[in-house]
Amino acid sequence: MSENHKLRVSKIRNGTVIDHVHAGQALNVLAILGIDGSDGEEVSVGMNVPSDRLATKDIVKVEGRELSQDEVDVLSLIAPEATINIVREYDVVEKHRVERPDTVEGILSCPNAGCITAADEPVTSRFDVLADGVRCVYCERIVRDEIASLIEP
Amino acid sequence: MRHGNILTSKQLSREDIETVLDRASELDGDGSALAGEYSDTLLGLLFFEPSTRTKMSFETAMKRLGGDVVDMGAVDSSSITKGESLADTVRVIEGYTDAIVLRHPRQGAAKLASEYVDVPVINAGDGAGHHPTQTLLDLYTIRETAGLDDLTIGIMGDLKYGRTVHSLAYALSNFGTRQHFISPESLQLPREVVFDLHQEGASLKEHESLDPVLAELDVLYVTRIQRERFPDENEYQKVAGEYCITAETLDAASDDLTVMHPLPRVDEIAPDVDATEHATYFEQAHNGVPVRMALLDLLLGEDDE
């Protein structure tokens, strides 16, 4: 396994490795974190990498940035199995699983066209996190599938 | 409840509801006892959608309490046409009034408004969402007729978009009511509402026809099926025709059945029902005044201590 990683994605010196992301979700992980490369971050992405735990997985490495707990929590919505490794001087100094937060703010947009947040109002979107989905606190719409498609641009 | 918001009926406990209904009973017919206490109180009416009963009964209630109202008027004569946001509008009106009554076409509008102002916000209907003050007058009417204990209710019509239905169903889950929901499949309760009702342990069953349950109902709550919900006129006529009641329909019902409707009705309750003992919808509409007086009194009154 580790040989495979080395072949595909090089080690980082300081930053965060998000491992065990469900295959196909790596770009959504980057979208949630607001990383699109325009700020000059060094980012490595592995997709459909063989994994013992998930058969195949995605992996994201971000050089020079340690994720906050809030950012990690939001990842749980699309990557519930993910592990977060904080790396300093090539060593993993912290390793933890993601936990589902109670609410997420400003990350997702409500798919209900009749919701007040879909109007031109100065409001930050807010969703309660359910066991199997998310729920807009304004219009109360529940979304269980395709949560990644709600990520705000 | 004092100085709080009334955004959904979900927020109301059985005790809250009974407090409002008890106060409404006291004020019913004798609201003048309070005149004077509210002589400096101004209620802001912001109706972004048309309304007759809700708006006029809030206005009547405030005036019967001795206060007054200021009305934004129709949307086409206000700053809304200039593109002002709801968040800005309510922050301006907050400076003029002691509380805000808001009706808006979008779900969650009252909740949003409440986050921008410190005065109480009362939701008078937010899109297909909630209409909690209608629910309070519905419950008052039920308590006066069938009673709220050991109740079996049928709620029929547009259950998908009908905000009065959603609010009533939530509130009744406090009373252990057996709730039957009767509608075409395309207008069933939103799954979100069913999810919540199950979470509350409500007793609910969904049907496509009134016939199997009519005889066991204490209350039949009828709502309007709106033409604009259907892609074509034929489909609307077909469905709407199936969810109408007439005096003949009610032959199969209990003699004590109470028939309610939030009004306005179109064809769903035939005029010949009006003359039966079952018809309660005009009384229901009248109850909007004492119930809204009670609510305003509880929200805006001084503490008794």
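Within every chain, numbering begins at 1; the chains are lettered A, B, ... in the order of the sequence lines, protein sequences first and strands thereafter. The analysis underlying the following values was restricted to heavy atoms, covering all of them including side chains, and did not include hydrogens, waters or symmetry mates.
The minimum heavy-atom distance linking A:Glu140 with B:Thr8 is given by the pair OE2-CG2, 4.3 Å. Nearest heavy atoms, B:Ser85 versus A:Glu121: CB-OE1, 3.3 Å.
Atom CD of B:Glu206 is surrounded by more than 12 heavy atoms from other residues, nucleotides or ligands within 6.0 Å. Atom CD of B:Glu185 is surrounded by 12 or fewer heavy atoms from other residues, nucleotides or ligands within 6.0 Å. Taking a 6.0 Å sphere around CG of A:Asp132, one finds it holds more than 12 heavy atoms contributed by other residues, nucleotides or ligands. Counting heavy atoms of neighbouring residues, nucleotides and ligands inside a 6.0 Å radius, atom NZ of B:Lys10 exceeds 12 of them.
Once rounded to the nearest 0.5 Å, the distance linking OG1 of A:Thr117 with NZ of B:Lys111 reads 12.0 Å. Here B:Leu112 contributes atom CG and A:Cys115 contributes atom SG; the two are 9.0 Å apart, rounded to the nearest 0.5 Å.
Taking 4.5 Å as the heavy-atom cut-off, the residues of residues 75-113 of chain A that approach chain B are A:Asn112, A:Ala113, ordered by number.
A distance-only check finds no donor-acceptor pair linking the side chain of B:Glu192 to the backbone of A:Arg141 [under 3.5 Å].
Contacts of A:Arg135 with chain B are made by side-chain atoms alone, with heavy-atom separations under 4.5 Å and no backbone atom involved. The contact between B:Asp196 and chain A is made entirely by side chain atoms (from C-beta outward), counting heavy-atom distances below 4.5 Å.
Residue pairs meeting the ring-ring contact (aromatic ring centres under 6.0 Å, His included) criterion with at least one member in residues 82-133 of chain B, sequence neighbours excluded: B:Phe48-B:His104, B:His130-B:Tyr170.
Counting heavy atoms from C-beta outward, B:Arg191 and A:Arg144 have side chains that stay 4.5 Å or more apart.
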